[in-house]
Amino acid sequence: PIQARNDYIAVTMDASRAVDYLLTRDEVDPERLIYFGLSNGALRAPLMLATDHRYRAAILLAGGYVSFHKSRPEIQPFQFTPYVTLPTLMINGTADQVFPLETSQKPMFRDLGSSKKKHVLFLADHLPAVRDVDKTINDWLANEAYQTTEEVSD
């Protein structure tokens with residue numbers, strides 16, 4: 001458990017260092033910095049998003065809470081999710097066995113502190129089809145990312 005905690009802290013610090021570097025580059029617009037987390041990256045997102053406020057929006061693909069992972073209380077995602085207040089898009093499959101809809105995805109979505117959040121569901125397992133994910137992300141970024149919404153759709 002101590003090593004898992006240290007790993008979470010190290011990964012969070014590395015992500016912040018990556019943002020530090022990106023923001024030194026002239027071609028990176030700090031107003032368009034978006035966090036994208038896939039599976040484990042979506043699971044770990046609350047810790048990163050609650051502690052680094054330079055992201056402008058977040059996309060969590062195929063993520064949610066896990067009940068089978070025994071980690072220390074101080075790194076449990078649910079401890080940080082209420083502090084995620086930036087616009088957030090969650091995309092999941094309804095038949096995901098890693099992050100089940102009712103016990104994993106919906107609780108994480110509910111706990112997000114953002115008033116600008118959207119949960120899009122596809123009839124899929126862990127990873128929805130790329131074409132569906134791509135269209136959903138592009139539409140959200142172009143039309144909805146900064147509107148006040150809280151909804152679940154399929």
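From a predicted model like this one, the values you see are computed outputs, not experimental measurements. Numbers here are sequence positions counted from 1.
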- For the pair Glu74 (side chain) and Gln79 (backbone), establish whether a donor and an acceptor sit closer than 3.5 Å, ignoring hydrogens and angles.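 It does not hold such a pair.
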- Query: Would you find a donor on one side and an acceptor on the other, under 3.5 Å apart, between the side chain of Ser104 and the backbone of Val66?
  - Reply: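 Not confirmed, Ser104 side chain does not pair with Val66 backbone.
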- Message: Please evaluate residues Val84 and Asp111 with respect to the criterion side-chain contact (heavy atoms from CB on, under 4.5 Å), reporting the C-alpha separation (whole Å), side-chain torsions for both, the decisive distance (0.1 Å), and the verdict.
- Response: CA-CA 9 Å; Val84 176; Asp111 290 350; over 6 Å; no
Test item: [X] and [Y] side chains (from C-beta on) under 4.5 Å apart, heavy atoms:
{"X": "Leu43", "Y": "Asn40", "value": "yes"}
{"X": "Ser16", "Y": "Met48", "value": "no"}
{"X": "Lys118", "Y": "Met90", "value": "no"}
{"X": "Met108", "Y": "Pro46", "value": "yes"}
{"X": "Val11", "Y": "Met13", "value": "no"}
{"X": "Thr103", "Y": "Tyr65", "value": "no"}

Any chance you could measure [X], atom [atom1], to [Y], atom [atom2], to the nearest 0.5 Å?
{"X": "Lys135", "Y": "Trp140", "atom1": "NZ", "atom2": "CH2", "value": "15.0 Å"}
{"X": "Asp132", "Y": "Leu127", "atom1": "CG", "atom2": "CG", "value": "12.0 Å"}
{"X": "Thr51", "Y": "Phe80", "atom1": "OG1", "atom2": "CZ", "value": "7.0 Å"}
{"X": "Ile9", "Y": "Ile75", "atom1": "CD1", "atom2": "CD1", "value": "7.5 Å"}
{"X": "Asp52", "Y": "Thr12", "atom1": "CG", "atom2": "OG1", "value": "9.5 Å"}
{"X": "Ile59", "Y": "Ile137", "atom1": "CD1", "atom2": "CD1", "value": "4.5 Å"}

- Item | Tyr55: partners by ring-ring contact (aromatic ring centres under 6.0 Å, His included), with sequence neighbours left out |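 Counting only residues at least two positions away or on another chain, Tyr55 forms a ring-ring contact (aromatic ring centres under 6.0 Å, His included) with Tyr35.
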Under the side-chain hydrogen bond (donor to acceptor under 3.5 Å, both in side chains) test, residues paired with [X] that sit two or more places apart:
{"X": "Asp134", "value": "Asn138"}
{"X": "Thr85", "value": "none"}
{"X": "Arg5", "value": "none"}
{"X": "Thr88", "value": "none"}

- For residues 82-103, pull every pair meeting ring-ring contact (aromatic ring centres under 6.0 Å, His included), keeping only residues two or more places apart or in separate chains.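 Every ring-ring contact (aromatic ring centres under 6.0 Å, His included) pair that includes a residue of residues 82-103, provided the two are not neighbours, is Phe99-His126.
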- Is the shortest side-chain N to carboxylate O distance from Arg17 to Asp14 below 4.0 Å?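 Result for this pair is yes, salt bridge flagged.
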With [X], which residues qualify under salt bridge (Lys or Arg N to Asp or Glu O under 4.0 Å), at least two apart?
{"X": "Asp7", "answer": "Arg44"}
{"X": "Asp125", "answer": "none"}
{"X": "Arg25", "answer": "Glu27"}

Minimum heavy-atom separation for [X] to [Y], with atom names?
{"X": "Ala45", "Y": "Leu60", "answer": "CB-CD2, 3.4 Å"}
{"X": "Arg110", "Y": "Lys117", "answer": "O-NZ, 3.3 Å"}
{"X": "Ser114", "Y": "Leu86", "answer": "OG-O, 3.0 Å"}

- Output the rest of the hydrophobic cluster of Leu123: all Ile, Leu, Val, Met, Phe, Trp and Tyr residues reachable through side-chain heavy-atom contacts under 4.5 Å, sorted by chain and number.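 Besides Leu123, the cluster holds no residue at all.
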- Query: Who passes side chain to side chain contact (heavy atoms under 4.5 Å, CB included) against Thr136, sequence neighbours left out?
  - Reply: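 By the side chain to side chain contact (heavy atoms under 4.5 Å, CB included) rule, Thr136 matches Leu89, Ile91, Val120, Phe122.
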- Query: Got a sec, which pairs hit salt bridge (charged side-chain N to carboxylate O under 4.0 Å, His left out) with one end in residues 88-105, sequence neighbours left out?
  - Reply: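 Qualifying pairs: Glu102-Lys106.
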